[in-house]
Amino acid sequence: MDSPVPRTSAIAPAPKKPPARTGSKAVASSDANAATVEATPTRRPRGRPRKTAEELDDGNRRRKLMDGAAKLFRTQGFAATSTRDIAAAAGMHSGSPFYHFESKSALLYAVMSEGMTMATQSQQQALDALPAAATPREQLHTLIRHHFEILLGPRSSFIPVMLYEWRSLTPAQRKGIARIKDSYEATWMPVLEALAKQGALQAEPGVARLFIFGALNWAVQWFSPKKGKSLDALTDEALALFIRS
């Protein structure tokens, strides 16, 4: 719609001011007000109030949910654990898990994938901490000790959850977990192959890897620190079982 008051052009000269008419002051005042409104930038209303420091700490809250869910999935099973149970374990409201995860299935996948990713990283750190001249036997000892730590240590729920709840994943989720798991286990192969060349390995490296992980993972069913055996002692016995002295 054209403006009732002619506007000047940056190129053409401005027309002469017309003689004053009744109501011209009101029009001029209105135009001035409009110009003021146009010149003043408008602030967009915020969709939400500012978050508190606690609300900003989403990383820790997400971790609490994952840790609580992992323990519940391990002890109660995935199907028997509700989102209300998970929220209560993390000290949150019943709907809070859906702020961080779109579904209980997505939370299960996160427990497994992020747990395996952290295990892969800490496994490499354990190997990197060995002397450059470490023998294959010493490397295998380190790998076994680290695996017992993630199986039976303070934050040890995610691998048992992966072992017990594999069928609860979707096919796409299984592929994602399998890639991380394969990367974790692939680190063992050069060590097992070196031991095989020395004649110290009790089986062909690929088969030995399957036997070793099967035996180590089963420890979650029977191991109890209350019986007095340490993870170091358990590692020594496992090493003696898999390789020749």
Side-chain angles (χ1 to χ4, degrees), residues 70 73-74 108-169 171-245:
F73 291 157
R74 179 179 179 179
L108 174 66
Y109 177 75
V111 166
M112 295 186 190
S113 63
E114 295 192 24
M116 279 305 305
T117 297
M118 288 189 297
T120 301
Q121 293 170 348
S122 60
Q123 175 177 258
Q124 189 59 52
Q125 291 168 357
L127 288 175
D128 291 343
L130 288 172
T135 66
R137 180 187 178 92
E138 291 169 337
Q139 293 174 31
L140 183 59
H141 185 280
T142 296
L143 289 171
I144 293 173
R145 178 62 178 81
H146 171 267
H147 195 68
F148 276 141
E149 183 65 31
I150 63 172
L151 276 175
L152 308 168
R155 295 183 62 185
S156 58
S157 294
F158 71 90
I159 282 190
V161 168
M162 184 180 69
L163 297 174
Y164 303 148
E165 299 295 345
W166 182 258
R167 293 183 180 181
S168 299
L169 296 173
Q173 289 173 335
R174 290 177 195 170
K175 289 181 180 179
I177 299 299
R179 283 193 295 269
I180 308 172
K181 174 178 169 290
D182 290 346
S183 175
Y184 178 86
E185 295 183 5
T187 303
W188 294 56
M189 288 304 296
V191 178
L192 296 176
E193 289 168 353
L195 288 166
K197 288 181 180 179
Q198 295 176 355
L201 197 61
Q202 303 280 34
E204 183 271 327
V207 175
R209 178 180 61 84
L210 296 175
F211 275 124
I212 289 172
F213 276 107
L216 298 183
N217 291 342
W218 191 250
V220 301
Q221 294 284 352
W222 54 264
F223 177 77
S224 173
K226 296 179 180 179
K227 294 182 179 179
K229 190 177 293 295
S230 68
L231 295 186
D232 290 330
L234 199 63
T235 299
D236 291 337
E237 294 184 12
L239 190 66
L241 179 66
F242 300 138
I243 64 174
R244 299 183 180 93
S245 301

I'd like to know whether [atom1] of [X] has more than 12 heavy-atom contacts from other residues, nucleotides or ligands below 6.0 angstrom.
X    : atom1 : answer
W166 : CH2   : yes
Y164 : OH    : yes
R244 : CZ    : yes

Interatomic spacing from [atom1] in [X] to [atom2] in [Y] - rounded to 0.5 Å:
X    : Y    : atom1 : atom2 : result
I144 : L241 : CD1   : CG    : 9.0 Å
M118 : F158 : CE    : CZ    : 6.0 Å
M112 : Q173 : CE    : CD    : 8.5 Å
L163 : N217 : CG    : CG    : 5.0 Å
T117 : Y184 : OG1   : OH    : 12.5 Å
I150 : I159 : CD1   : CD1   : 3.5 Å

Pairing residues for F73 by the ring-ring contact (aromatic ring centres under 6.0 Å, His included) criterion, not counting sequence neighbours: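 So F73 forms a ring-ring contact (aromatic ring centres under 6.0 Å, His included) with F78.
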
Salt bridge (charged side-chain N to carboxylate O under 4.0 Å, His left out) pairs, two or more places apart, involving residues 124-153: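 Passing the test, one end in residues 124-153: R145-E149, R145-D232.
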
Within residues 201-217 or reaching into it, pairs that qualify as salt bridge (charged side-chain N to carboxylate O under 4.0 Å, His left out) - sequence neighbours excluded: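 Pairs touching residues 201-217 that pass the test: E185-R209.
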
Side chain to side chain donor-acceptor pair (under 3.5 Å), paired with W188, selected from Q123, Q139, H147: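 Only one option passes, and that is Q123.
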
For the student: nearest non-hydrogen atoms of [X] and [Y], plus distance:
X    : Y    : result
A194 : P136 : CB-CG, 3.7 Å
A233 : S230 : N-OG, 3.1 Å
A238 : F148 : CB-CE1, 4.1 Å
H146 : S122 : NE2-OG, 2.7 Å
I180 : S113 : CD1-O, 3.7 Å
A70  : V161 : O-CG2, 3.4 Å

Do [X] and [Y] touch side chain to side chain, with heavy atoms closer than 4.5 Å?
X    : Y    : result
R74  : V220 : yes
R167 : R174 : yes
V111 : M162 : no

Test side chain to side chain contact (heavy atoms under 4.5 Å, CB included) applied to F242 and L192, step by step: CA-CA 10 Å; F242 300 138; L192 296 176; over 6 Å; no

Donor-acceptor contact below 3.5 Å, side chain E193 vs main chain P205: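 Checking the backbone N and O of P205 against the side chain of E193, no donor-acceptor pair under 3.5 Å is found.
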
